[in-house]
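Since the structure comes first, as structure tokens, the remarks are kept for the end.
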Amino acid sequence: EFRRVLFRSMTVPEGYQWHVLTSWGDPLLSGATPFDPLTRGSAVSQSLAMGDNNDGMSFFALGQDHGVIAVNNEYTNYEYLFAEGRCISIEHTRKAQAAHGVTVFEVRRKAGVWQAVPNAPLNRRITANTEMRLSGPAAGHAWLKTSSDPTGTLARGTFNNCANGRTPWGTYLTCEENFNGYFGTASALPDNAAFKRYGIGAKDAGYNWHPFDGRFDLGQNPNEPNRFGWVVEIDPMNPHSMPTKRTALGRFKHENAEVVLSADGRVVVYMGDDERGEHIYKFVSAKTIDPNNHAANRQLLDEGTLYVARFSAVDGKLSGQGEWLELTHGKNGLTPENGFKDQAEVLIHARLAATVVGATTMDRPEWIAAHPSRAEVYVTLTNNTDRGVKPNQPLNGPNPRVKNVYGQIVRWTPDQGQHTAPTFQWDIFVLAGNPTLHRDLMAGTPNINADNMFNSPDGLSFDKDGRLWIQTDGDYSNANAFAGMGNNQMLCANPTTGEIKRFMVGPVACEITGICFTPDQRTLFVGIQHPGEGRKPSHFPQGAQAVPRSSIVAISRNDGGVIGA
Ligand code: FEO
Ligand code: CA
Ligand code: CA
């Protein structure tokens, strides 16, 4: 009966079923109390419970029917977090900070159904206040030092953790995205080109932490924002381990971190920087993986070379070539005259360095996914209404549409089939669009039709069999340019034929984001983020008069088969 009620608010294909695995505020650690829909909890109860706005996640198997999931808690919606609808005290600030970060929790399959396990030994909350190490070339640099950390090596917390990655040595990567919006000040700020490029200014994005927590006041702590915008490595198997910010991977608004191994055993990490006109990056480790020494592998992300992508194309063609431009101090104009005294400065100001070397401006790079058995890499470029409008964002090959409201997926094949290669060939896998309204490029590529149209592709992941799963974070008005597209959704694509089919549709005013599978691929976990955002009518997932809550749902087939097969 429970499941039948739920079924009405989310749609999965015929022959599939779903249930809620866990929701924001569910008790997780010892001492936690059940979610209270009236108060929505306190700073303390939130720190012992599932965080809010679940985003990217990974599943780590512990046995046939046992695993641990690490999931990002990207941000929180004050209209639901607080009865007052805004942050007006230090208690509120601490509660909001505790709703952010990462949740690690054990799951078990009982009678065929996966369930979260409260109080399990590996359960852990990492929040905006958890101690973490800064490592790699920028650790200890003057720009990372603050009054509370004169060493520049010990940061506090992670937030706006968007998407994720997982390493072959069993750790979880969480990516700090719109970190800038948490900082503000009532003081006057000096003109600062780097602050401008990263969107850091006196006015925050509305979180309002800086009046109550001086760490977020730029007047008091101008270096604190330099300690965010990194990829953070977490060991989900050790709840006492200290998360580590890997500065070698560069500082920007990280979306995800797609990790692949090159033939020679070096680690390659593909990363998008999600903002209009920003770039796509690649890290290649200096050392190679040692399958017998996971401890040594944990240093691999501290030493290597960062690159940024330049795409080229004949005018009007939807395919072409590209190259990876090295972001190494002393090369490609990354010199003291241009504002870079050493490699730490190149990494902390990776965006500025990317501009100096001539990287291609992209339509908001979101997730990157590498094919499991072919050397092919796909990136969602979610949308960009500045394209063709702002002088620094002219039309170019992979970003071919003025005021691009729909987004596209671009793919590239590294030359020689090697992810370490300096050059690649690219094409457009799909231009999203609306063929019921348009006849030009805004209709989308031929693999878009009235039955599968969508906008703003964001989450992107391959399963082990090579199906490409696409999640959307777009305009769900179902009106004007977006007529006929409905709520945010998840689709499944065949990378060989280009065919794309809608798989599921989310509830009202949610984003579909976060995906992972059990190793048998018979259960698929998907994130339903901020259902009912902006007080749109939603009671997902409980129904009746309950507060809408971000949730992870588990999807399976009625016949127990492989998802999507
Ligand atoms: Fe958190 Fe770029 O999406
Ligand atoms: Ca996203
Ligand atoms: Ca998004």
Side-chain angles (χ1 to χ4, degrees), residues 24 51-58 71-77 99-103 128 158-165 173-182 198-199 205-207 228-232 250-258 270-281 351 361-369 378-386 399 404-410 432 454-461 468-476 487-491 506 509-516 525-531 533 550 552:
W24 160 50
D52 199 1
N53 273 5
N54 45 272
D55 205 316
M57 58 181 160
S58 297
V71 60
N72 293 344
N73 299 112
E74 189 183 31
Y75 67 107
T76 182
N77 297 75
H100 283 73
V102 175
T103 302
T158 185
F159 43 82
N160 219 279
N161 304 81
C162 189
N164 63 309
L173 301 177
T174 182
C175 304
E176 297 175 342
E177 192 186 21
N178 294 304
F179 65 91
N180 57 309
Y182 297 80
Y198 284 85
Y207 294 102
F228 297 88
W230 303 106
V231 172
V232 189
R251 175 172 167 268
F252 41 92
K253 296 186 184 177
H254 280 280
E255 185 71 21
N256 81 333
E258 179 73 339
Y270 290 109
M271 300 171 285
D273 180 357
D274 180 9
E275 188 149 2
R276 290 181 275 222
E278 290 298 338
H279 308 296
I280 292 172
Y281 295 81
R351 283 183 164 186
T361 65
M362 308 299 288
D363 286 350
R364 293 187 54 199
E366 300 258 21
W367 294 42
I368 298 178
Y378 294 66
V379 61
T380 45
L381 301 172
T382 197
N383 58 57
N384 181 3
T385 47
D386 286 347
N399 306 279
N404 172 20
V405 295
Y406 295 123
Q408 63 265 23
I409 299 177
V410 169
F454 61 92
N455 73 88
S456 308
D458 187 342
L460 191 71
S461 193
L468 181 62
W469 297 85
I470 304 165
Q471 302 179 316
T472 72
D473 173 19
D475 187 309
Y476 45 73
N487 291 347
N488 276 313
Q489 56 187 286
M490 185 160 90
L491 307 104
C510 81
E511 170 180 343
I512 304 292
T513 186
I515 175 168
C516 60
F525 300 103
V526 173
I528 307 295
Q529 198 192 45
H530 60 64
E533 69 171 349
S550 292
I552 299 171

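Values reported hereafter were calculated over all heavy atoms of this structure, with side chains retained and with hydrogens, waters and symmetry mates removed. Both ligands and their constituent atoms are indexed starting at 1 by order of listing.
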(request) State, without any angle test, whether Glu176 and Trp230 hold a side-chain donor-acceptor pair at a distance under 3.5 Å. (result) no

(message) Pairing donors with acceptors under 3.5 angstrom, does anything connect the side chains of Asn161 and Glu177?
(response) no

In [X], what N, O or S atom is nearest to atom 2 (Fe) of ligand 1, if we give its atom name?
{"X": "Glu255", "answer": "OE1"}
{"X": "Glu366", "answer": "OE1"}
{"X": "Asp274", "answer": "OD2"}

(request) Evaluate the side-chain hydrogen bond (donor to acceptor under 3.5 Å, both in side chains) criterion for residues Asn72 and Thr174: first the C-alpha distance (whole Å), next the side-chain angles of each, then the deciding distance (0.1 Å), finally the verdict. (result) CA-CA 7 Å; Asn72 293 344; Thr174 182; 2.7 Å; yes

(request) Would you confirm whether the ring centroid of Phe159 sits within less than 6.0 angstrom of the ring centroid of Tyr182? (result) yes

(message) Is Asp473 close enough to atom 1 (Fe) of ligand 1 that one of its N, O or S atoms comes in under 2.8 Å?
(response) no

(request) Decide, counting backbone as well as side-chain atoms, whether Glu74 has an N, O or S atom less than 2.8 Å from atom 1 (Fe) of ligand 1. (result) yes

(request) Using side chain to side chain donor-acceptor pair (under 3.5 Å) as the criterion, list what pairs up with Asn53, not counting sequence neighbours. (result) Asn77, Ser550

(request) Please find out if the Ca ion (ligand 2) and some N, O or S atom of Asp274 are separated by less than 3.0 Å. (result) no

(request) Assess Asp458: does it contribute an N, O or S atom lying under 3.0 Å from the Ca ion (ligand 2)? (result) yes

(request) With the Ca ion (ligand 2) as the reference point, give the N/O/S atom of Glu255 that is nearest. (result) OE2

(request) May I ask you to check whether Asp458 brings an N, O or S atom to under 2.8 Å from atom 2 (Fe) of ligand 1? (result) no

(request) Give, for atom OG1 of Thr76 and atom OH of Tyr207, the distance between the pair rounded to the nearest 0.5 Å. (result) 8.0 Å

